[in-house]
Amino acid sequence: MIAKNKKYIFGAVVLAVLCMTSCAENGQTDGQTDVNAASDTETVQELPEEAAEPEEPEPQPVEEPEEKKEIPDAPPEEPAMYTEGFSTIKNYADYVESGSAIKGESIWVEGYVDSYDEERHSLILINDDGEWAVSVGESGTDSYYELVKEAVGKHVRVFGKYTGYSSELAMPTMAFIPAEYQLEPYRLETVDNSFRLTQLDYAFEKPEFDTERTYGRLTYMEPSSWEPTCTEDTLFYYIFDGIPAIMMGHFEKVKDTGFDELGSEAILMDLAESYVNEGDSIIRKQSFKFHGYPALCFETSWKRDDLPMPMSMFCYMFIVDDEYYFYGSQEPYLVGESVKRILPELLSDVKVEDVSAEKTEEKKAEDKKTEEKKTEDKKAEETKPEAAKTEEKKPTVPTKAEILGKVFTQSITADFVGKENNETFSDSTDLPDTLFTADLLAGYDESTGKVTLHDNSNGMIMTMNLTFSYDGSGNVVYSGPLAIDATEYMASGTVSGHMK
């Protein structure tokens, strides 16, 4: 129905681009000389010949210790990806002056970005151990440095290299834009994975949208500097010179017998799942409306044997009438902030071609064919011998339409085995009623009445292989085996239910 391997099209192109990749410049900061304040000199007053009581010395001010900066609470954390090869900071003292840490070590530092030193191109990061100066590089684009400023006030993780101790700043330093950026997943990211700066952000300059493009039914403005290449069904934007990343657009007709039945949202969810293979990581899967049309923001990361590094994809998927559109970008390891912001800007002023008149004519033609088919079927039924009518079998498998949107009961009977003590027991219980929605029935086979359902929630993975049929009274029912894998036990048994 719809092309399902866009990330592999991406991969082939990225592999070619890798051959001409250039390295970015190292973003370390230079140290400066310490400036020490001169100490005050003391004076002694001579006493007169007739000794007098010495005057009480004036109290000297006592230096108050510098108060430790208060760190705001961090938002809920999401797991970090691609952490292998980075050392966490176990002893802050190893990285201060005369410490044992070695320059060039790949490290992982977490903390709160307190400020940005624009002159030194450094973010000042604080945590419970102390402070760090995080170099952001000295040759980035204007667009990149605007993004750097947004990091202030955020709780971040920085994956970079230890670059030594700065006596001027009195703190250790690190950089996440080293020259060999392609070899490791160097980056700065918030602990909830909502904001990320990468090497591509460092090289990305926000373009001017000055050229009109019509693609499918969409018309929008694009940068003339991107020089797109258009194939039969895909539009490639080569927006980075010498960096293994690419943007693309794709559209095609949605031709599926279940389209009207499933609806656009369910089709988009199915498409997103089709892009994911075993071992891939889904970072974002968020529904939204694109100019009133159902859309999905989808982000994933994966590894392939024919590429020297993991890749990631960030895209918008949406359906306009009966056309499917895909706009996305791919880059090494994880997607940076620039791509996430350039996509909505690319499509912000899009105009959708009005095809209402065309659709009306198509609908009339379809309705005419439907009426003609009904008339033919009716004539065939009327002329069929009575014996043949009697011998015809009644349907034994419900159609998807008979199940879709209906509420069913659920009852299970299962044998349980404890994971720690191998204790066994059996149980039968009624579960809450379930509504069979389009996503649950996406894989329903109308020829067999079978569908496989998976549920992964609350630390429990449940798999059910259901078969729908009719009971003696003609009611829709289902039954089938189930398997449960939970934290403390495993179970196998059967599940059954009927339409309410």
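What you see below is based on every heavy atom in this structure, not just the backbone, and it leaves out hydrogens, waters and symmetry mates.
In this view, T452 and N465 satisfy the side-chain hydrogen bond (donor to acceptor under 3.5 Å, both in side chains) rule, not counting sequence neighbours. Looking at residues two or more places apart in sequence or on another chain, you find no side-chain contact (heavy atoms from CB on, under 4.5 Å) involving D349. Residues passing the side-chain hydrogen bond (donor to acceptor under 3.5 Å, both in side chains) test with R213 are E222, sequence neighbours excluded. In terms of the side-chain hydrogen bond (donor to acceptor under 3.5 Å, both in side chains) criterion, residue partners of Y327 (sequence neighbours excluded) are, by chain and number, Y220. Residues satisfying the salt bridge (charged side-chain N to carboxylate O under 4.0 Å, His left out) criterion with K90, sequence neighbours excluded, are absent altogether. In this view, E345 and K206, F209, I342 satisfy the side-chain contact (heavy atoms from CB on, under 4.5 Å) rule, not counting sequence neighbours. E273 pairs by the salt bridge (charged side-chain N to carboxylate O under 4.0 Å, His left out) definition with K285, not counting sequence neighbours. Every residue two or more places apart in sequence or in another chain that forms a side-chain contact (heavy atoms from CB on, under 4.5 Å) with D192 is listed here: P75, T190, S194. Remark: R341 engages E150, E337 in a salt bridge (charged side-chain N to carboxylate O under 4.0 Å, His left out) (not counting sequence neighbours). For E84, the side-chain contact (heavy atoms from CB on, under 4.5 Å) test picks out no residue, with sequence neighbours left out. Take F416 and apply the ring-ring contact (aromatic ring centres under 6.0 Å, His included) test, not counting sequence neighbours, and it matches F425, Y489.
Looking at heavy atoms from C-beta onward, W302 lies in side-chain contact with R304 at the 4.5 angstrom threshold.
Within the structure, salt bridge (charged side-chain N to carboxylate O under 4.0 Å, His left out) pairs that include any residue of residues 108-118 comprise K69-D114, D117-R120, E118-K149 (at least two apart or interchain).
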